[in-house]
Amino acid sequence: MFHALLRIQKCHNDIVHNIQNVLEKFSIRLKDLMQEKNLNIKELSKLTDIPRSTINSWTLKKRSPMIDYLCVLADFFQVSIDYLLGRED
């Protein structure tokens, strides 16, 4: 029983670590894309109809993006969702 609990804990830790990596990569990619287009959070919000507070939470790695917002950003920046999430270069 104890070993099963240890395996569950390790699995949980791996998932949390992977989520943190994706948030980190997404935040970096988003900030880089905004910088390439000389956009600040307010401007990106206005152009995409994504709330400023949502974009801000992404840049601070406090919240993960929902799929509908990923689609909007991918279309806006003309990149793939995989690129935004750091799964491809």
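Given the structure is predicted, the values throughout are model-derived calculations rather than measurements.
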Taking atom [atom1] of [X] and atom [atom2] of [Y], what is their separation to the nearest 0.5 Å?
X	Y	atom1	atom2	result
L70	L30	CG	CG	10.0 Å
I50	I41	CD1	CD1	11.5 Å
C71	F76	SG	CZ	15.5 Å
L44	N56	CG	CG	11.5 Å

Who are the side chain to side chain contact (heavy atoms under 4.5 Å, CB included) partners of K42, not counting sequence neighbours?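 Result, side chain to side chain contact (heavy atoms under 4.5 Å, CB included) vs K42: N40, R52.
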Is I28 reachable from I19 through a run of I, L, V, M, F, W or Y residues, each pair having side-chain heavy atoms under 4.5 Å apart?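 In one cluster: no.
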Honestly curious: do I55 and I67 fall in one hydrophobic cluster under the side-chain, below-4.5 Å linking rule?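 Looking at the clustering, I67 is in the same group as I55.
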At their closest point, which heavy atom of [X] faces which heavy atom of [Y], and how far apart are they?
X	Y	value
L85	K25	O-CB, 3.9 Å
P51	S45	C-OG, 3.8 Å
L23	P65	CD2-CD, 4.5 Å

Which residue pairs satisfy the side-chain hydrogen bond (donor to acceptor under 3.5 Å, both in side chains) criterion with at least one member in residues 63-89, sequence neighbours excluded?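 Found R29-D89, S80-E88, D82-R87.
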Mind running side chain to side chain contact (heavy atoms under 4.5 Å, CB included) on I81 and L73 for me, showing each step along the way? CA-CA 8 Å; I81 291 173; L73 291 171; over 6 Å; no
Under 3.5 Å donor-acceptor, S27 side chain and E24 backbone: no
pair K37-F77: side-chain heavy atoms closer than 4.5 Å: yes
Aromatic F26 / basic K61 pairing, under 6.0 angstrom, 45° off normal: no
